[in-house]
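Order of the sequence lines fixes the chain letters, A, B, ..., with proteins taken first and strands second; residue numbering starts at 1 for each chain. Keep in mind that this is a model prediction, so the values were computed, not measured.
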Amino acid sequence: MTAADAAAHAALDVHPVAIPLQPLFPHAGLPRGQWVGVSAPSLMLALLARPSQDGAWCAVVGVDGLGLAAAQESGVALERLVVIPRPGPRWPDVLAALIDAFDIVAIRTPSAVSVGIARRLQARVRQRRGVVVLLDAVERAVDGIAVDLRIVEEHWEGIGAGAGSLRARRVRVAAQTRGTPRHGRPVTLWLPDPAVAIAADEHGRSATASPASSTLRAV
Amino acid sequence: MRRVLALWCPDWSVVAADVVVARPVVVRAADTVVACSEAARAFGIRTGMRRREAQARCPNVTIIEHNPDRDARAFARVLDAVDALVPDVATDGVGWLLLDIRGPSRRMGGEWAVILRLRQAVDAAIAEVADCPVVDVGGVGGPPASRIGVADGWYAAVCAARFASAERIVAPGEQAAFLAPLPVHALSDSLGDGQDLIELLNRLGVATLGALAALPRRTVADRFGTHGRLAHQLARGEVDEPLRLRIPDEPLECVLELDPPLDRVDAVAFAAREVAERFLALLSRRLLLASVVAIETETAHVEQQVRHWRSLNGFTAAALVDRLRWQLDGWLHTSSAADRPTAPITNVRFHAVEVLHGGQQLTVADSMHRQDRQVAQTLTRLQGMLGSTAVLVGVLSDGRDPASWVTAVPWNAATPSSVRTDSTTPWPGRLPRPAPTILPRPPLAARLVDPDAVPVQVSGRGELSAAPARLQIGDRPWCSVDRWAGPWPADERWWESSGRRRARMQVVIDSGAGLLLTVESGRWHVEAFYD
């Protein structure tokens with residue numbers, strides 16, 4: 001196999017993410033069979049946008065009060081998204097069932113993950129070639145996270161001292177990839193993109209009709 | 001082993017139209033160029049272009065409307081010419097012919113002999129349709145001559161006809177080697193709506209069919225679904241694999257008997273619609289997809305006509321009825337008067353000649369349905385475990401609260417009537433976009449104070465008592481408020497004294513986080529986080 005073939009092969013094994021997020025991943029997308037960590041719901045939604053538009057089934061578990069309007073503005077295809085806000089004490093069973101059928105399962109675990117459960121779930125994800133996105137994994141019981149993304153800096157635009165409104169946020173996202181000791185160079189991007197607010201200004205409610213139009217841009 | 005001959009009449013939509021083929025001509029469907037003449041190509045015009053761009057490249061280009069019926073009617077002349085030489089020709093009806101060449105090549109003395117006889121007959125028919133002698137590849141003086149490819153499988157034969165010169169025989173066993181250097185773009189005709197896949201392959205650096213063929217089958221199927229799997233099989237030149245063609249073991253057919261017999265094409269086509277649907281249902285019950293359908297028609301004088309119609313993606317009822325119409329039109333206008341029907345039509349028979357097994361060659365939609373079914377089963381199981389309202393999906397709706405821009409409804413529940421899909425209603429008090437990502441239920445109690453630690457109030461006229469300086473959520477530590485916006489009235493009836501007075505503010509706290517606050521009767525809450 002040549003180097004180009006190997007690269008193509010590796011690229012086949014991911015769910016490609018929106019272009020501005022691609023530099024955060026070794027192969028420009030969510031690696032199949034792996035766990036990915038994120039520090040914020042907005043980042044999680046941004047990761048789901050492109051795969052769901054490409055037809056991947058996505059589930060979000062344990063994120064109570066998730067703003068579906070924000071999901072839609074982030075570009076997530078609502079017809080491919082299922083949310084289970086309160087999975088209850090049997091959440092490992094819920095997660096296991098979802099891993100079997102869904103392409104991507106995002107979860108904020110309601111309780112600490114025991115080492116045994118983590119190992120069992122990881123084996124399942126590997127076998128089913130799914131992706132688990134772990135939101136706010138405070139205690140790192142799951143030590144097998146392939147890529148861990150966190151927002152290290154955020155700045156809201158459009159709001160002043162008693163003026164304007166929150167319109168767009170510039171964030172710096174750092175990625176730590178398993179096997180590499182240090183964080184890679186942080187990527188700066190809009191999250192959410194000012195286009196969301198602008199589109200709403202120009203078209204009013206019509207912005208809701210085309211989720212794909214809300215794109216993510218690098219800064 | 002099969003040997004398949006593919007014959008292509010290039011630019012057929014141009015040839016079939018009543019225009020001077022030697023001139024720059026484009027055929028448009030809606031605003032897109034779907035075919036063009038060689039003379040137009042010399043100006044840089046290509047199919048897929050917008051009409052305006054074509055006109056910019058050649059201002060006096062002749063533009064004609066695409067008309068599949070016209071293309072099919074003219075192509076019937078070519079089919080007649082071929083029928084006289086070889087039996088059982090399958091066609092897409094508008095430019096392509098496919099046939100198994102083994103029998104004819106034994107009879108006529110080799111593959112080259114078949115090619116020569118076919119070419120002569122077809123080129124004569126093309127010249128007759130265009131009223132002008134044919135010219136060879138790249139010539140502009142008349143309609144392009146037919147191109148012919150022969151290979152072990154239909155796909156390599158089609159590629160040989162399209163990408164080689166006037167004719168090309170790919171020797172037995174060599175089609176994989178023939179296909180390998182072709183660009184992946186060569187898949188575009190055979191995959192229907194596979195354009196996305198081709199672009200993706202190009203982006204991934206998989207530029208040739210050979211590179212695609214070298215990828216592991218399993219990986220390709222996982223990553224690209226059924227489209228990808230089919231493309232992979234085509235690229236490998238797997239002889240029977242691409243279509244898994246097989247002759248059905250049982251007769252798969254549906255017959256329409258017309259009583260009284262009908263003498264108008266549109267009337268027959270209308271009557272046949274229901275039978276076409278019945279025929280497709282018969283196939284789908286057996287999980288089959290017809291790739292070649294024979295349509296047989298018979299008159300009251302027992303004159304018969306059969307034509308084989310081929311489609312890689314299977315047929316819809318409407319497509320079958322179109323083929324029937326084309327076929328009857330062609331029969332009525334056939335060049336030799338002796339071959340024309342002399343009585344009304346009494347019978348129409350749809351007969352599956354070759355079928356694809358659904359288990360092996362699913363359409364993309366089918367393969368998606370399989371996962372959809374699995375998803376549905378899982379969600380049903382989870383609803384049993386957690387309660388039916390625990391599993392939610394989002395439905396677009398309307399409302400001024402961030403929570404109600406999109407409504408979460410239980411999966412599989414009917415859309416509740418309260419969900420408004422009409423998005424034109426003005427909603428006073430609507431918050432500007434973007435929408436917050438987390439809306440805690442219930443909202444979190446909070447305290448907002450000014451620099452002197454005096455609670456911030458909002459007056460009846462919607463004014464702040466002082467600039468906010470610090471915020472405490474629940475009993476968490478105080479944080480400072482860096483910037484804020486608002487307040488905005490959160491209720492329609494803000495201006496009425498009887499109304500519930502509620503106002504909203506957005507704040508950015510020292511951590512950089514954005515929050516949505518509400519105040520009602522002097523009490524503050526965190527309604528949402530923009531996290």
Quiz item: Side chain, backbone, both or neither: which part of B:Leu386 has an atom under 4.5 Å from a heavy atom of chain A?
Solution: side chain
Practice problem: Under 4.5 Å heavy-atom distance to chain A, tell me which part of B:Leu379 shows up: side chain, backbone, both or neither. | Solution: side chain
Exercise. Find the one option among B:Gly486, B:Ala467, B:Ala513, B:Pro440 whose heavy-atom pairs under 4.5 Å with chain A are most numerous.
Key: B:Ala513
Self-check item: Contact summary for B:Thr378 and A:Ala97, nearest pair of heavy atoms
Solution: CG2-O, 3.5 Å
Quiz item: From A:Asp100 CG over to B:Arg381 CZ, what is the distance, rounded to the nearest 0.5 angstrom?
Solution: 7.0 Å
Exercise. Please state whether the side chain, the backbone, both or neither of A:Ala161 comes within less than 4.5 Å of a heavy atom of chain B.
Key: both
Quiz prompt | Exercise: identify the closest heavy-atom pair between B:Ile438 and A:Asp64 | solution = CG2-O, 4.2 Å
Quiz prompt | Donor-acceptor contact present, side-chain B:Gln506 to main-chain A:Leu166, <3.5 Å | solution = yes
Quiz item: Side chains of A:Val83 and B:Val393: does their closest heavy-atom pair fall under 4.5 Å?
Solution: no
Quiz item: So what's closer than 4.5 Å to chain B heavy atoms on A:Asp103: side chain, backbone, both or neither?
Solution: both
Quiz prompt | Contact class of B:Leu382 relative to chain A, heavy atoms under 4.5 angstrom | solution = side chain
Quiz prompt | From CG (B:Leu392) to CG (A:Leu81), nearest 0.5 Å | solution = 10.0 Å
Exercise. Write down the atom of A:Ser165, the atom of B:Ala485, and the distance for their closest heavy-atom approach.
Key: CA-CB, 3.9 Å
Quiz item: Of all heavy-atom pairs between B:Ala390 and A:Pro85, which one has the smallest distance, and what is that distance?
Solution: O-CD, 3.5 Å
Practice problem: Ignoring hydrogens and angles, tell me if any N or O in the side chain of B:Thr437 forms a donor-acceptor pair with the backbone of A:Pro41 under 3.5 Å. | Solution: no
Exercise. Please name the pair of heavy atoms, one in B:Gly512 and one in A:Trp156, separated by the smallest distance, quoted to 0.1 Å.
Key: O-CD1, 3.3 Å
Quiz item: Could you state the interatomic distance from OG (A:Ser42) to OH (B:Tyr530), rounded to the nearest 0.5 Å?
Solution: 13.0 Å
Practice problem: Answer with side chain, backbone, both or neither: which region of A:Val61 has an atom nearer than 4.5 Å to a non-hydrogen atom of chain B? | Solution: neither
Quiz prompt | Option that, when pairs with chain B are counted at under 4.5 Å, heavy atom only, ranks first among A:Arg86, A:Glu153, A:Arg90 | solution = A:Arg90
Practice problem: Grab the two heavy atoms, one from B:Met385 and one from A:Val94, that are nearest each other, plus how far apart they are. | Solution: CE-CG2, 3.4 Å
Practice problem: Examine whether an atom of A:Leu45 lies under 4.5 Å from a heavy atom of chain B, and if so say whether it belongs to the side chain, the backbone or both; otherwise answer neither. | Solution: side chain
Quiz item: Quick check: does any side chain N or O of B:Arg483 sit under 3.5 Å from a backbone N or O of A:Ile159, one acting as donor and the other as acceptor?
Solution: yes
